[in-house]
Asks: 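I'd like to ask some things about the structure below.
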There are 2 protein chains.
Amino acid sequence: MTTKHLRQFKDALKQDSLRMTSQRLAILDDVLGSEEHRECDDIYLSLRQKKVPVSRATIYRTLDILEKAGFVRKMDIGDGRFRYENKLAQTHHDHMICLKCGKIIEFMDREIERRQDQIASDNGFHLVKHSHQLYGLCGACQDLPAAEDQSAPASKA
Amino acid sequence: MTTKHLRQFKDALKQDSLRMTSQRLAILDDVLGSEEHRECDDIYLSLRQKKVPVSRATIYRTLDILEKAGFVRKMDIGDGRFRYENKLAQTHHDHMICLKCGKIIEFMDREIERRQDQIASDNGFHLVKHSHQLYGLCGACQDLPAAEDQSAPASKA
DNA sequence: ATATATATGAGAATGAGACTCAATAAGGAT
DNA sequence: ATCCTTATTGAGTCTCATTCTCATATATAT
């Protein structure tokens with residue numbers, strides 16, 4: 001985490017009369033140190049391994065702050081658990097998700113983005129965000145005829 | 001509900017060794033009689049009003065069957081509750097949702113659909129379905145500066 | 001250093017949806 | 001029409017992610 005990001009975070013906190021705490025700092029650091037699409041528990045376990053004393057409630061609360069401040073993106077891939085990703089390290093993209101093994105591939109298409117803006121404006125909408133996921137079978141999973149899943153399946157709880 | 005749809009449903013049931021029941025018939029009829037994006041409880045209340053004895057568990061189970069058989073589309077608009085819509089009466093479309101009043105506008109863009117197929121194929125994915133939502137403020141809600149919500153907000157539970 | 005408002009964690013609460021299982025009901029065979 | 005096998009139902013239980021509560025701890029302005 002750079003000094004710049006730290007200042008950025010402190011400013012965001014101050015703006016809402018929020019305080020800097022060791023937990024918040026550790027969560028920000030952990031989040032900025034990963035490029036993955038992680039759920040709350042991934043972050044929780046990562047912090048516990050680093051001996052950071054923190055609870056899930058605090059992680060959820062802090063992730064909300066980080067989302068508002070633009071540090072992370074909160075995404076719903078439809079399996080009942082939110083994923084959080086480092087937004088600073090990445091340019092905007094959407095996701096393609098394998099229904100069998102849960103693999104996530106990022107994609108970005110300028111034309112789709114443009115069309116979205118157009119559709120919103122055509123309908124008098126002020127576009128705030130969008131959610132766009134493609135679901136299917138990745139190459140590897142298409143080859144396994146009727147075998148078991150490989151890892152976390154993207155099925156609904 | 002037409003005779004054709006009824007036959008279609010019976011065939012789908014038979015194909016999986018499932019049985020026709022008064023509950024399943026009532027649920028199909030109720031779903032085909034609406035063009036809205038309804039959640040389980042909307043359907044539950046609608047059926048109870050018609051004096052149909054049915055439980056939520058049966059509705060969930062039947063909606064899964066109807067989804068597989070192509071009668072309904074199950075959609076996740078990100079507020080933790082699935083919405084179900086009559087798929088027969090409509091051509092494919094995606095949704096634009098007002099973050100303030102919950103209003104839903106349907107849209108469809110051939111170019112976006114085409115790009116999605118292309119992206120999937122470029123990545124070796126076999127595309128099964130997609131989920132595409134635009135979130136923002138509808139025209140009416142942009143005018144209300146900081147007023148209260150109008151109806152069901154699309155905020156996360 | 002003090003005062004005061006905010007943050008934290010443990011655990012309880014919430015809520016959508018899936019599961020359990022005994023009782024009930026289809027529907028094919030006779 | 002009756003039997004018999006198998007699927008279905010509903011009430012209630014369970015799950016699990018996430019949020020809430022509230023007493024205690026801590027950051028920050030002064």
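A, B, ... follow the sequence lines: proteins, then strands. Residue 1 opens every chain.
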Asks: Looking at Y60(B), does any N or O in its side chain come under 4.0 Å of the phosphate oxygens OP1/OP2 on dG17(C)?
Replies: yes

Asks: Separation of R56(A) atom CZ from dA12(C) atom P, in whole Å?
Replies: 15 Å

Asks: Where each residue is assigned the nucleotide of DNA chain C containing its nearest heavy atom, which of T62(A) and K14(B) is assigned the position nearer the 5′ end?
Replies: T62(A)

Asks: Classify the side-chain pair Q142(B)/H126(A) by whether it contains a donor and acceptor separated by less than 3.5 Å.
Replies: no

Asks: Salt bridge or not for E113(A) and R110(A), using N-O below 4.0 Å?
Replies: no

Asks: Ignoring the backbone of T58(B), work out which of dG17(C), dG10(D), dT18(D) is nearest its side chain.
Replies: dG10(D)

Asks: Considering only NZ, NE, NH1 and NH2 on the basic side and carboxylate oxygens on the acidic side, decide whether R56(A) and D41(A) come within less than 4.0 Å.
Replies: yes

Asks: Between atom CG in D79(B) and atom C1' in dG17(C), what is the gap in whole Å?
Replies: 14 Å

Asks: Kindly give the heavy-atom pair with the smallest separation between D30(B) and R38(B), and that separation in Å.
Replies: OD2-NH2, 2.6 Å

Asks: For residues 23-35 of chain B, which residues have at least one heavy atom under 4.0 Å from DNA chain D?
Replies: Q23(B), R24(B)

Asks: Test of understanding: clusters of I, L, V, M, F, W, Y form through side-chain heavy atoms closer than 4.5 Å, transitively. Do Y135(B) and M96(B) belong to the same one?
Replies: no

Asks: Once you round it to whole Å, what is the distance between C1' of dT19(D) and CG of D64(A)?
Replies: 10 Å

Asks: With nearest nucleotide decided by heavy atoms, which residue, S17(A) or I59(A), maps closer to the 5′ end of DNA chain C?
Replies: S17(A)

Asks: Roughly how many Å is it from CD in E67(A) to P in dT19(D), rounded to a whole number?
Replies: 11 Å

Asks: Polar pairs (N or O, both sides) under 3.5 Å between protein and nucleotides 21-28 of chain D?
Replies:
from, atom 1, to, atom 2, distance (Å)
dA27(D), O3', M20(A), O, 3.3
dA27(D), N3, R19(A), NH1, 3.0
dT28(D), OP1, M20(A), N, 3.2

Asks: Distance check needed: dT8(C) P versus L63(A) CG, whole Å only.
Replies: 12 Å

Asks: Can you hop from L127(B) to I77(A) via hydrophobic side chains spaced under 4.5 Å?
Replies: no

Asks: Rounding to a whole Å, what distance do you find between L13(A):CG and dA29(D):C1'?
Replies: 16 Å

Asks: Consider the side chain of F82(A), meaning its heavy atoms from C-beta on, and name the nucleotide among dG9(C), dT18(D), dG17(C) that approaches it most closely.
Replies: dT18(D)

Asks: Over 60° means perpendicular and under 30° means parallel, so tell me whether F107(B) and H132(B) are parallel, tilted or perpendicular.
Replies: perpendicular

Asks: Rounded to the nearest Å, what distance is computed from the OH atom of residue Y44(B) to the P atom of nucleotide dA16(C)?
Replies: 13 Å

Asks: Picking from R83(B), E67(B), H37(B), H93(B), what satisfies side chain to side chain contact (heavy atoms under 4.5 Å, CB included) with R73(B)?
Replies: H93(B)

Asks: Shortest non-hydrogen contact from C98(A) to L137(A)?
Replies: SG-CA, 4.0 Å

Asks: Measure the distance from CG on D41(B) to C1' on dA16(C) and round it to the nearest whole Å.
Replies: 10 Å

